[in-house]
Amino acid sequence: MTGPAFPYISTRGGAPPAGFDDILLSGLARDGGLYVPDAWPVWIADTLAGWRGLSYAGLAAEICAPFMAGSAAVADLPGLAESAYAGFDDPAVAPLVPLEDGLYLQELFHGPTLAFKDYALQLVGHLFDAVLAARGERITVVGATSGDTGPAGIAACAGREAIDIFMLHPAGRTSEVQRRQMTTVPDGNVFNVAVDGTFDDCQDLVKALFADDALRDRVNLSAVNSINWARVMGQIVYYVHAALQVGAPGRPASFAVPTGNFGNVFAGYGARQCGLPVGRLIVGSNANDILTRFFRHNAMEIRGVTPTLSPSMDIQVSSNFERLLFDLLDRDGAAVAATIRAFRDGGRLPLDEECWRRATALFDGASLDDEGTIAEMRAVYERTGRQIDPHTAVGLAAARECRSGSEPVVVLATAHPAKFPDAVERATGRRPKLPDHLADLHERPERCVTMAKDTARLTDYVLANARAARG
Ligand SMILES: *Cc1c(COP(=O)(O)O)cnc(C)c1O
């Protein structure tokens, strides 16, 4: 073969194009950039209309196949997608619920860990195994989590033949539900490490492992964080699934997305680039409102992170924003690298007015503090009897603030209310119940080792347990 069948390029322009399987396994490009498709697949109106009536897994296979052209897993994709979503606890997988005139909630919490991250990661776990089996390789996934990524990453990798996963969390600093979703997984290829320290300490340890080239090669280190392109690809599916139900391709839909790292809403952008009629993409933020300040005033300025009731959005620098920046700067990798460097050094993103206007033609943003979040959760409960989680409340309030006219707006409900029981109880006076498949979560035995922040000890632990190290 002369080159990858469906090439991906780096947002910083300093890494060679790569095929799907390589970027699936490696995540970040060697030049520090993020991979994006060289060109987007094209969906015409007939393509979209032809997808109406497909099952969620069937739609996932149709949408992902062109992105995976040349992959060792593409021939088995329909079966892999079928298995990925078979365990979800709603037959619609991502049911769309009308809330009030033209506003819909898309429930993205029917996967094993009750957050939207399962929708891409369950598929990614199956793709990893298929590609690794074809190559006769194993990988060792290492990650750090402050909450939702850890459980979803572990659920994606648990029991997989060719993967071992080591997940670091700050001891005593995740919620009990989140910790138990990691530590009660019984599979022998799952290793939980509670670090005496903060989330940043966990991230430092992960970075130290990735900086150790000998270790990297020996255990084939890999990552499941949101910069992996395959996660964006897997998330494009539910945008199409929802839009088809509210009138696409004849009628555009807008989306409101509770946003942290910008990976979820970037998938909405990807759907639009392929041809889905999308009105607006509304970015919801909590008190950490850097993205709102950007979309409103072209003022992306780093401030400190404030802890809120919606912890998965307590982020200042949204890593996936770089993918949008790449397009805003006419896909000039050198310009992206220089702009990101200036942002990191000076704390403010330098972007000229014309590029910013291009972003605001599609995107809008609104933010909501904790008090507003509680009020929104309470108002929805009083009007409809429905409990929503704090992240979803932020998205819903943003939708109300930014919507225009009668165009349908789909609010992505990114977590199940029972994932954040304290906030939901405070707002509604009723403690939400875990779904049946997790009802005994608090009785299940936990497995976890506790460690000081010590790179050498962690390295020894990984080498002693990763099957890839044994060759
Ligand atoms: C991860 C997460 C988010 C943020 O998603 P991004 O893709 O990082 O923008 C929002 N809500 C919940 C519940 C999450 O777990």
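Position 1 is the first residue of the sequence, and the numbers go up from there. Whatever order the structure lists ligands and atoms in, that order sets their numbers, starting from 1.
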Seminar exercise, completed: Any heavy atom of F262 under 4.0 Å from ligand 1? The part involved is backbone
For this session: Taking the side chain as every heavy atom from C-beta outward, state whether D314 and T306 have any atom pair closer than 4.5 Å.
Result: no
Exercise. Which of the atoms of ligand 1 are close to K117, meaning less than 4.0 Å from one of its heavy atoms?
Worked result: 1 (C), 2 (C), 3 (C), 14 (C), 15 (O)
Exercise. Is there at least one pair of N or O atoms, one from D148 and one from ligand 1, spaced under 3.5 Å apart?
Worked result: yes
For this session: Answer with yes or no after comparing the ring centroid distance for H391 and F420 against a 6.0 Å cut-off, counting only values under it.
Result: yes
Problem set entry | ligand 1 atoms in contact with G263 (distance to a heavy atom under 4.0 Å) | 6 (P), 7 (O), 9 (O)
For this session: Write out the residue and atom name of the closest protein heavy atom to atom 10 (C) of ligand 1, then the distance separating them to 0.1 Å.
Result: P258 O, 3.6 Å
Exercise. Which protein non-hydrogen atom lies closest to atom 4 (C) of ligand 1, naming both residue and atom, and how far is it?
Worked result: G260 N, 3.5 Å
Exercise. What are the atoms of ligand 1, with element, lying closer than 4.0 Å to any heavy atom of A415?
Worked result: 13 (C)
Problem set entry | Whether F67 and W40 hold their rings parallel, tilted or perpendicular, with breakpoints at 30° and 60° | perpendicular
For this session: Please find out if less than 6.0 Å separates the ring center of F255 from that of Y239.
Result: yes
Exercise. How far is atom 8 (O) of ligand 1 from its nearest protein heavy atom, and which residue and atom name does that atom have?
Worked result: N261 N, 2.7 Å
Exercise. Can you list the atoms of ligand 1 that are under 4.0 Å from a heavy atom of T414?
Worked result: 10 (C), 11 (N), 12 (C), 13 (C)
Exercise. Taking heavy atoms and a distance under 4.0 Å, where does N264 meet ligand 1: side chain, backbone, both or neither?
Worked result: both
Problem set entry | Residue T259 vicinity, atoms of ligand 1 by number, heavy atom under 4.0 Å | 9 (O)
Problem set entry | With P421 via side-chain contact (heavy atoms from CB on, under 4.5 Å) - residues at least two apart | R431, P432
For this session: Step by step, work out the side-chain contact (heavy atoms from CB on, under 4.5 Å) result for F20 and L127.
Result: CA-CA 11 Å; F20 180 84; L127 296 179; 4.1 Å; yes
Exercise. Looking only at atom types and distance, does a side-chain atom of Y85 sit under 3.5 Å from a main-chain N or O of Y119, one as donor and one as acceptor?
Worked result: yes
Exercise. What's the shortest distance from atom 3 (C) of ligand 1 to any protein heavy atom, and which residue and atom give it?
Worked result: F116 CE2, 3.6 Å
Exercise. If only atom types and distance count, is the side chain of D90 paired as donor or acceptor with the main-chain N or O of A92 below 3.5 Å?
Worked result: yes
